[in-house]
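Throughout, numbering of the chain's residues begins at 1 and tracks the sequence. Each ligand, and each atom within it, is numbered from 1 in the order the structure gives.
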Amino acid sequence: MLRWLRDAFSGAMLPPVSEKTLFQKIMDREEPGDILYEDNLCVALRDINPQAPTHVLIVPRNPIPSLDTLTEEDETLVGHLFLVAQKVAAEEGLTDGYRTVFNNGPAAQQTVAHVHLHLLGGRQMSWPPG
Ligand code: 5GP
């Protein structure tokens, strides 16, 4: 009986505690981050390991895990992420051009399961990307 009670209340019957993503912790100022822009839908922050002179991540406040898990309800949000990328690119002086990327899934080397748009610029890009 005691064993049953212990197992029943060990957490298995409770809803999982939702863990914040890394980007949510940065947005909530629980982790350090260089935030350039924020509004009610998203935050733009500098990448900690920049792959170009400007490397900014535009991250929705809603912790949608990936491009694959976006739905039609997110259509306006996705457009907004691109308009914020455009605004940040202008503020960063990327007049020669820039690249935007969503990595989706392991083959594309997505490492943070909170969808984000990469904005890269300030150097000549090559194609195809690695
Ligand atoms: P992904 O590989 O998922 O497309 O992109 C995740 C990005 O998050 C990577 O470019 C990586 O450098 C960046 N990143 C990982 N940890 C941190 C962090 O703690 N702070 C910031 N600002 N960026 C991070």
Just which atoms of ligand 1 are under 4.0 Å from any heavy atom in [X]?
X: Phe23; value: 8 (O)
X: Asn49; value: 12 (O)
X: Leu45; value: 22 (N)
X: Ile26; value: 20 (N)
X: Leu22; value: 16 (N), 17 (C), 18 (C), 19 (O)

Answer whether the closest heavy-atom distance between the side chains of [X] and [Y] falls below 4.5 Å.
X: Ile64; Y: His114; value: no
X: Val56; Y: Asp47; value: no
X: Leu94; Y: Thr54; value: yes

Salt-bridge contact Lys87-Glu38 (side-chain N to carboxylate O under 4.0 Å):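 Not counted as a salt bridge, because no side-chain N and carboxylate O are separated by less than 4.0 Å.
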
Output yes when Lys20 and Glu31 qualify as a salt bridge under the 4.0 Å nitrogen-oxygen rule, no when they do not.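 Salt bridge flag = no for Glu31 with Lys20.
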
Reported OG1-to-CG distance for the pair Thr76 and Leu41, which is rounded to 0.5 angstrom: 9.0 Å

Can you tell me how far CG of Leu81 sits from CD of Gln86, rounded to the nearest 0.5 angstrom?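 Answer rounded to 0.5 Å: 13.0 Å.
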
Between Gln109 and ligand 1, is there a nitrogen or oxygen pair with a distance under 3.5 Å?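 There is such a contact, yes.
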
Does an N or O anywhere in Gln110 fall below 3.5 Å from an N or O of ligand 1? no

Please lay out, stage by stage, how His80 and Asp39 fare under the test side chain to side chain donor-acceptor pair (under 3.5 Å). CA-CA 10 Å; His80 184 71; Asp39 60 28; 2.6 Å; yes

Within the structure, is a non-hydrogen atom of [X] found at a distance of less than 4.0 Å from ligand 1?
X: Phe102; result: no
X: His118; result: yes
X: His116; result: yes
X: Asp34; result: no

Around [atom], find the nearest protein heavy atom and jot down its residue, atom name and distance.
atom: atom 22 (N) of ligand 1; result: Arg46 O, 2.9 Å
atom: atom 3 (O) of ligand 1; result: Thr111 N, 2.7 Å
atom: atom 12 (O) of ligand 1; result: Asp47 OD1, 2.5 Å

Taking the six-membered ring for Trp, are His55 and His118 parallel (under 30°), tilted (30 to 60°) or perpendicular (over 60°)? tilted

Considering Ile48, Val112, Val115 one by one, which has a heavy atom nearer to atom 21 (C) of ligand 1 than any of the others?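 Answer by nearest heavy atom: Ile48.
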
For Leu119 and Ile58, which heavy atoms make the closest approach, and how far apart are they?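 The pair with the smallest heavy-atom distance is CB-CD1, 3.9 Å.
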
